[in-house]
Each structure stands twice: as C-alpha cells, then as structure tokens.
**Student:** 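Sharing a structure here in structure tokens format.
Just so you know, these numbers use all the heavy atoms, side chains as well, and skip hydrogens, waters and symmetry mates.
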Amino acid sequence: MLKNKSLLYGLGTGLILGAVLLQLMNEAAPANSAASKRPAAGQAPEEMDLIRLKEVASTYYNVYDKSQKLYDQTQVDAMIAQKLKEENDKQAAQPQPAAPDKETYIYVSKGMTAVQVADLLQQSGVIADKTAFVGMMKQKQLNDKIVSGVHVFKGFPELAQVIANLTTQ
C-alpha cells in the first residue's frame, strides 16, 4: 500500500479539483443559459411586460395575437368545400368554347405500347375511354402496328379514325 501512496494522493487531489471545477461551472452557467430568461419564482405575470410575458408563455403554450383568427379542422374543411363549390359554379357559368377544328399533336415514340399511347390520347383529350381504345387495338391485333412519329388529330375523331391515324403513315 505504501508503494501506491503517490498514486492515491494524485487521484484524491484530482477528484477534489474536479468537484471544485464542477461547482464553479454550475454557479456560472445560469448567467449565460436560457434558465436566466425564466422569471424568478416570486415574479407574478402582472409584473412582467407584454413581450416578456409572451416569451415565458411560449415555452409552454402556443401564443397568438387576439387579432389573429384561428380555425379548427371542421371550419377549414367547410371553407374549402365552399370555395370549391364557388369555383365549380364559375366554370359552369362560363360558356365552353366549341372547338371542332381543334388540332391535337401527339408524338408517339418507337416501342410504345397501346396502353401508353392510350394514356397520351386520353390526357390530350382525343379519346374519352382508353379501355375501349386498348380493347379495339387488341381485337384488331394492331398493338405492334403503331407508327412512331407525330400524329395530328383534328376535332374529336371517332375511335376508328384515331386507330387508322396511328397505324398508317
């Protein structure tokens, strides 16, 4: 035990010095941390100014101005439904322009399937039902006969005219 005497003195001194430093850090910490921004235990909310009161309350609650209007989910849903109804009424009131001479250009790339072409045609408004288009293409066995390139459709052609346009040069 006497051989380790200097080691034990060093360990004991280090522990004491570490404890003293820890106490110094604990005493110095509140001056710089968020804990100093908290009100004193005896300070009443009436004694604080408005800005300080908002800061303290915002740590525990959502703080809003009185002038700010807050809505719950049912009110928001009702407002959205009302706006959608108004927009639909506006669109219904506007006359739909008849465009029988409307030209639609579709680019069909090499290797596209009938389903992919049907998606393009439906998105552009040339056909209304893509399943009927795909079914007719299967029935006539024209799935591999689709010509790649730009195809022009005038107005709203019949399904047979669309298929004829896609399968011929």
Side-chain angles (χ1 to χ4, degrees), residues 29-30 32-169:
N32 297 330
S33 71
S36 67
K37 294 181 181 179
R38 293 184 180 158
Q43 190 175 12
E46 294 84 18
E47 297 172 359
M48 291 187 233
D49 62 336
L50 185 60
I51 297 170
R52 181 89 171 115
L53 184 62
K54 280 185 181 180
E55 288 176 3
V56 172
S58 66
T59 59
Y60 302 105
Y61 304 104
N62 292 332
V63 180
Y64 302 102
D65 289 329
K66 282 185 178 181
S67 62
Q68 189 175 1
K69 177 74 172 150
L70 298 177
Y71 301 100
D72 62 357
Q73 188 63 40
T74 56
Q75 291 172 331
V76 170
D77 292 340
M79 288 174 40
I80 289 173
Q82 181 183 3
K83 292 289 184 182
L84 283 173
K85 184 180 176 189
E86 289 174 5
E87 288 298 319
N88 287 340
D89 291 344
K90 279 184 189 177
Q91 288 180 355
Q94 292 177 351
Q96 296 294 332
D101 56 348
K102 172 183 143 184
E103 286 188 354
T104 304
Y105 295 89
I106 301 289
Y107 177 74
V108 178
S109 61
K110 187 174 184 177
M112 288 183 83
T113 63
V115 175
Q116 294 170 333
V117 173
D119 287 334
L120 279 175
L121 292 170
Q122 186 178 24
Q123 288 175 357
S124 63
V126 174
I127 62 171
D129 186 19
K130 68 179 180 180
T131 56
F133 174 79
V134 173
M136 189 174 276
M137 291 289 286
K138 278 185 181 179
Q139 180 185 7
K140 294 184 177 186
Q141 297 178 349
L142 297 173
N143 288 337
D144 57 344
K145 306 280 191 236
I146 298 174
V147 177
S148 62
V150 177
H151 297 276
V152 180
F153 301 97
K154 294 187 180 190
F156 301 105
E158 295 292 325
L159 200 55
Q161 293 172 338
V162 172
I163 290 174
N165 188 341
L166 289 171
T167 56
T168 60
Q169 295 285 344

**Student:** My understanding is that only residues two or more places apart in sequence, or in another chain, count here; which of them pass side-chain contact (heavy atoms from CB on, under 4.5 Å) with Leu53?
**Tutor:**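 For Leu53 the side-chain contact (heavy atoms from CB on, under 4.5 Å) partners, ignoring immediate neighbours, are Pro45, Met48.
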
**Student:** Can you measure from CZ (Phe133) to CG (Leu159) and round to the nearest 0.5 angstrom?
**Tutor:**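 Phe133 atom CZ to Leu159 atom CG measures 7.0 Å (nearest 0.5 Å).
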
**Student:** Could you tell me if Gln73 and Asp77 have a donor-acceptor pair between their side chains, going purely by distance under 3.5 Å?
**Tutor:**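 Short answer, yes.
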
**Student:** Under a 4.5 Å cut-off applied to non-hydrogen side-chain atoms, are Lys140 and Thr167 in contact?
**Tutor:** no

**Student:** Which pair of heavy atoms, one from Val108 and one from Leu166, lies closest together, and at what distance?
**Tutor:** CG2-CD2, 4.1 Å

**Student:** As a test of understanding, state which of Thr104, Val162, Ile163, Ile127 forms a side chain to side chain contact (heavy atoms under 4.5 Å, CB included) with Pro157.
**Tutor:**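 The residue from Thr104, Val162, Ile163, Ile127 that satisfies side chain to side chain contact (heavy atoms under 4.5 Å, CB included) with Pro157 turns out to be Val162.
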
**Student:** Has Gln161 got a side-chain atom pairing as donor or acceptor with Glu158's backbone, closer than 3.5 angstrom?
**Tutor:** yes

**Student:** I need the minimum non-hydrogen distance between Gly111 and Gln116, along with the two atoms involved.
**Tutor:** O-OE1, 4.3 Å

**Student:** Can you tell me how far the NZ atom of Lys102 sits from the CZ atom of Phe156, to the nearest 0.5 Å?
**Tutor:**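 The distance works out to 5.0 Å.
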
**Student:** Please round to the nearest 0.5 Å and tell me the distance separating atom CD of Gln123 and atom NZ of Lys130.
**Tutor:** 8.0 Å

**Student:** Over all heavy atoms of both residues, which pair between Thr168 and His151 is shortest? Give the atoms and the distance, please.
**Tutor:** O-CE1, 4.2 Å

**Student:** Using a cut-off of 6.0 Å, state whether more than 12 heavy atoms not belonging to Leu70 lie near its atom CG.
**Tutor:**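 Counting other residues, nucleotides and ligands, CG of Leu70 exceeds 12 neighbours.
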
**Student:** Kindly indicate whether the side chain of Ile146, heavy atoms from C-beta on, has any atom under 4.5 Å from the side chain of Val117.
**Tutor:** yes

**Student:** Does atom CD of Glu103 have more than 12 heavy-atom neighbours, drawn from other residues, nucleotides or ligands, at distances under 6.0 Å?
**Tutor:** yes

**Student:** Do the charged groups of Asp49 and Lys54 touch, with an N to O distance under 4.0 Å?
**Tutor:**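 Looking at Lys54 together with Asp49, the answer is no, because their closest N to O distance does not fall below 4.0 Å.
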
**Student:** So how far is it from Asp89 CG to Gln91 CD, rounded to the nearest 0.5 Å?
**Tutor:** 10.0 Å

**Student:** Looking only at heavy atoms, what is the nearest atom pair of Leu121 and Ile106, with distance?
**Tutor:** CD2-CG1, 4.0 Å

**Student:** First locate atom NZ of Lys69, then atom OH of Tyr64, and finally report the distance between them rounded to the nearest 0.5 Å.
**Tutor:** 13.5 Å

**Student:** For Ser148 and Ser109, work out which heavy atoms get closest and say how close.
**Tutor:**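 The pair with the smallest heavy-atom distance is CB-C, 3.9 Å.
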
**Student:** Quick one about Thr74 and Asp72 (side-chain donor to acceptor, distance below 3.5 Å, no hydrogens or angles considered), yes or no?
**Tutor:** yes

**Student:** So which atom in Gln122 and which in Ala128 form the shortest heavy-atom distance, rounded to 0.1 Å?
**Tutor:** NE2-O, 3.4 Å

**Student:** To the nearest 0.5 Å, what is the distance between CE on Met79 and CD on Gln82?
**Tutor:** 8.0 Å

